[in-house]
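Read through the structure below, which is laid out as structure tokens, and then see the notes.
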Protein chains: 2
Amino acid sequence: MATIKEVAKKANVSVSVVSKSFNNYKDVKEETRQRIFAVAKELDYSPNINAKNLSSKKRMTIGLISSGVLNDNVKDSNAFDIFKGVYRAVADSRFDLSINLIDSKRQTQQSYVQYCRERNIGGAILQGIRTDDQYYKELIDTSLPCVVLDIMNESDNGMIGSVSIDNAKAAREIAGYLLQRNHRDIVVIAGTPETYVNKERIKGVEEALQSCGLELEGLTVLEADFSEEQAYLLAKKYLQEQQPTAFLCFSDLMAIGVMKAVKEAGLKIPEDISVTGFDDLVFCSYTEPALTTIRQDFIEIGKNAAQLLQAIKENNAVKQHIWIEHQLMERDSVKTLAN
Amino acid sequence: MATIKEVAKKANVSVSVVSKSFNNYKDVKEETRQRIFAVAKELDYSPNINAKNLSSKKRMTIGLISSGVLNDNVKDSNAFDIFKGVYRAVADSRFDLSINLIDSKRQTQQSYVQYCRERNIGGAILQGIRTDDQYYKELIDTSLPCVVLDIMNESDNGMIGSVSIDNAKAAREIAGYLLQRNHRDIVVIAGTPETYVNKERIKGVEEALQSCGLELEGLTVLEADFSEEQAYLLAKKYLQEQQPTAFLCFSDLMAIGVMKAVKEAGLKIPEDISVTGFDDLVFCSYTEPALTTIRQDFIEIGKNAAQLLQAIKENNAVKQHIWIEHQLMERDSVKTLAN
DNA sequence: GCTTTTTCTGAAAGAGCTTCCAATCAGCAA
DNA sequence: TTGCTGATTGGAAGCTCTTTCAGAAAAAGC
């Protein structure tokens with residue numbers, strides 16, 4: 001691989017001119033720039049990223065820190081879609097991407113901050129992180145531009161952005177969908193209670209109930225920690241005593257668990273019991289019956305996160321939080337009840 | 001972030017000792033090394049990766065080049081699992097990982113070689129790449145250590161490894177599974193014919209047929225390009241004229257397409273027609289009926305690829321090709337026919 | 001006490017690029 | 001011709017680390 005020196009020599013200019021040409025400095029004559037590009041192409045040259053990062057104080061690489069994906073039991077591919085979205089947005093820019101997957105179990109010894117610093121990372125996107133993560137606060141405090149997903153950050157120093165769907169609204173919609181179809185005995189299979197998304201979704205369900213003039217006390221909420229297995233167990237146990245008209249699940253995975261329990265109880269979906277999910281993972285359209293759920297566009301979320309991060313870095317972020325549109329995917333797991 | 005100099009000063013040693021400590025040189029006393037580590041920890045120091053890559057001639061970062069994942073219609077998560085496997089193996093080593101996703105459509109202008117060189121990448125794992133890819137040969141020729149997935153490389157300069165399951169054997173097994181259950185009218189839904197895996201799988205099916213004393217002429221092979229939609233269309237058309245006892249599909253996605261066509265034709269699975277898949281994507285156990293298929297352990301594949309690559313780099317690769325075990329997942333989509 | 005061996009030092013030479021500052025060279029007004 | 005200005009270009013320091021090397025210091029062996 002040719003170096004900048006060789007290009008400079010062959011083009012009869014100094015190294016600095018070549019560097020400037022490649023970095024869009026205005027003070028190099030267009031003609032010269034073109035000549036340099038021609039030579040560069042001929043020599044198959046392109047700037048070495050390590051050297052570039054090392055010498056420039058500007059941070060050109062952004063990090064994607066993603067927690068939980070490495071766990072063995074992870075079946076959903078949200079993280080991957082987010083990853084794709086981020087990747088695309090970053091690929092279209094002049095930034096480079098560095099990915100850091102962490103396992104909730106064997107936490108890396110390294111803090112995120114350290115990770116970022118040693119790689120010269122100028123901004124990070126955090127996925128699957130929880131606010132009680134030991135390193136989270138450390139990173140937020142560091143004034144490194146960050147975008148967090150599915151978390152709403154309050155300590156605002158202008159360097160933290162976030163993106164997510166409007167979880168409360170989505171929950172309101174799907175609860176409303178059920179209520180409209182005359183379901184009154186709904187049990188909510190919720191996720192981890194401390195979680196931002198969970199709180200929002202609960203809020204949404206309650207709002208939907210209230211706007212129908214229903215009281216909240218009647219609402220049964222089972223906390224299944226976003227786990228298929230947990231949801232299965234909880235639903236199974238619940239069904240031994242009672243039979244609601246619908247299960248409203250805060251994730252597709254939990255919905256799958258619930259469906260299994262329902263079927264095992266000898267009940268039919270949606271004839272006997274309706275079930276709804278949340279997320280719209282790929283397999284939702286392949287279940288029997290196909291699952292009615294809320295679609296989150298994870299690719300879009302990733303893309304927006306990357307763009308927001310860049311905006312923050314360049315100090316022209318208009319808003320600190322971006323809401324991504326969700327969509328209710330109406331399929332076959334909900335029955336309209338007689339009034 | 002502290003630099004190596006500050007650590008050296010605070011630990012009362014010279015810079016070179018610190019460097020050596022971090023790079024496992026033997027000529028530094030264990031006691032000193034520990035002292036240095038302590039100081040490093042105290043100062044929150046860890047070597048700057050860019051500087052390290054720049055200065056050392058050793059290439060410490062390996063690249064994962066993955067084609068096709070960015071396409072919009074991609075539903076499978078094989079790539080992600082492979083990615084996870086690679087990531088884990090790399091994280092356990094002292095290497096760093098750089099990921100390069102490419103879209104089959106808008107091919108990056110950059111060749112893989114260029115990508116690798118400008119990032120100082122010392123070895124690459126190629127996933128989803130086809131041998132007729134314009135940049136593939138270029139990379140192979142470059143004597144950069146490479147591990148390719150689902151491709152068998154012939155031009156062996158000792159720098160190319162590969163890992164995959166034994167596709168022929170797997171196909172033999174699943175075909176045998178069908179034959180044992182007295183299926184004689186089997187139509188194969190194959191993938192892209194030029195593809196290595198496809199050829200192997202065809203071979204496997206043929207072998208199974210032969211070992212049952214059956215002739216190959218009777219075998220119908222429909223080429224669906226590994227696409228769910230194509231498979232659906234082809235199966236639908238085929239069913240208008242004939243009704244085989246089983247569809248043997250070379251991917252789960254195609255199996256899904258076929259199942260849809262079968263159901264639409266008013267036929268039941270497995271009572272009227274049996275269907276088998278290949279890969280064992282997550283949703284295979286959620287379909288109705290659950291799909292009998294061949295499980296590929298993509299995480300394991302990724303892990304082995306990374307390990308093989310490191311072995312090749314260090315010149316102690318025992319074998320150039322690693323076979324990963326597959327597994328026949330017996331579920332509910334195949335019926336045993338009366339003899 | 002003397003020779004080996006082990007450990008450490010300091011300096012220097014990069015690795016390939018960015019960027020500040022100085023130098024050059026037009027063209028043009030004085 | 002001289003002086004000045006703005007557009008270009010060149011030089012050199014600096015980013016942080018690795019590696020090598022000659023030799024010094026300390027520890028170990030006999």
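Every chain is numbered from 1 and lettered A, B, ... according to where its sequence line falls, protein lines coming before strand lines.
- Here A:E30 pairs with A:R33 in a salt bridge; the nearest charged N to carboxylate O distance falls below 4.0 Å.
- Scored by the side chain to side chain contact (heavy atoms under 4.5 Å, CB included) test, A:I129 finds A:I65, A:S67, A:I102, A:Y112, A:L126, A:D133, A:Y136 as partners (sequence neighbours excluded).
- For a distance-only test at 3.5 Å, the side chain of A:S16 qualifies as a donor-acceptor partner of the base of D:dG10.
- Among the heavy atoms of the strands, none lies under 4.0 Å from A:V18.
- Between the C1' atom of D:dG10 and the NZ atom of A:K5 lies a distance of 15 Å, rounded to the nearest Å.
- Between the CD1 atom of A:I4 and the P atom of D:dG10 there is a distance of 13 Å, rounded to whole Å.
- Residue A:S19 has a polar side-chain atom (N or O) positioned under 4.0 Å from OP1 or OP2 of C:dT18.
- A donor atom on one side chain and an acceptor atom on the other are found under 3.5 Å apart for A:Y115 and A:S98.
- At whole-Å resolution of the value, CG in B:N12 and C1' in D:dA25 are 16 Å apart.
- Residue B:Y45 is in sugar-phosphate contact alone, with no base atom involved, counting any heavy-atom pair closer than 4.0 Å across all strands shown.
- Between the side chains of B:N100 and A:Y87, a donor-acceptor pair is found at a separation under 3.5 Å.
- Across B:A40 and B:F22, no two heavy atoms sit closer than the pair CB-CZ, 3.8 Å.
- Taking atom CZ of residue B:F22 and atom C1' of nucleotide D:dT16, one finds them 14 Å apart after rounding to whole Å.
- Note: CZ (A:R117) to P (D:dC17) measures 13 Å, nearest angstrom.
- A:L54 has its CG atom 9 Å from the C1' atom of C:dA15, to the nearest Å.
- If you check residues 23-42 of chain A against DNA chain D, the residues with a heavy atom closer than 4.0 Å are A:D27, A:V28, A:K29, A:T32, listed by number.
- Here C:dT6 presents its C1' atom at 11 Å from NZ of B:K20, a figure rounded to the nearest Å.
- Between the NZ atom of B:K9 and the P atom of C:dG10 there is a distance of 12 Å, rounded to whole Å.
- Judged by distance alone with a 3.5 Å cut-off, no donor-acceptor contact links the side chain of A:S55 to the base of D:dC15.
- The cationic group of A:K84 lies under 6.0 Å from the six-membered ring centre of A:F80 and within 45° of the ring axis, placing it in a cation-pi geometry.
- Exactly one of A:N48, A:N50, A:D96 qualifies for a side-chain hydrogen bond (donor to acceptor under 3.5 Å, both in side chains) with B:R119. That residue is A:D96.
- Using a 4.0 Å heavy-atom distance criterion, A:N120 is classed as making no nucleic acid contact.
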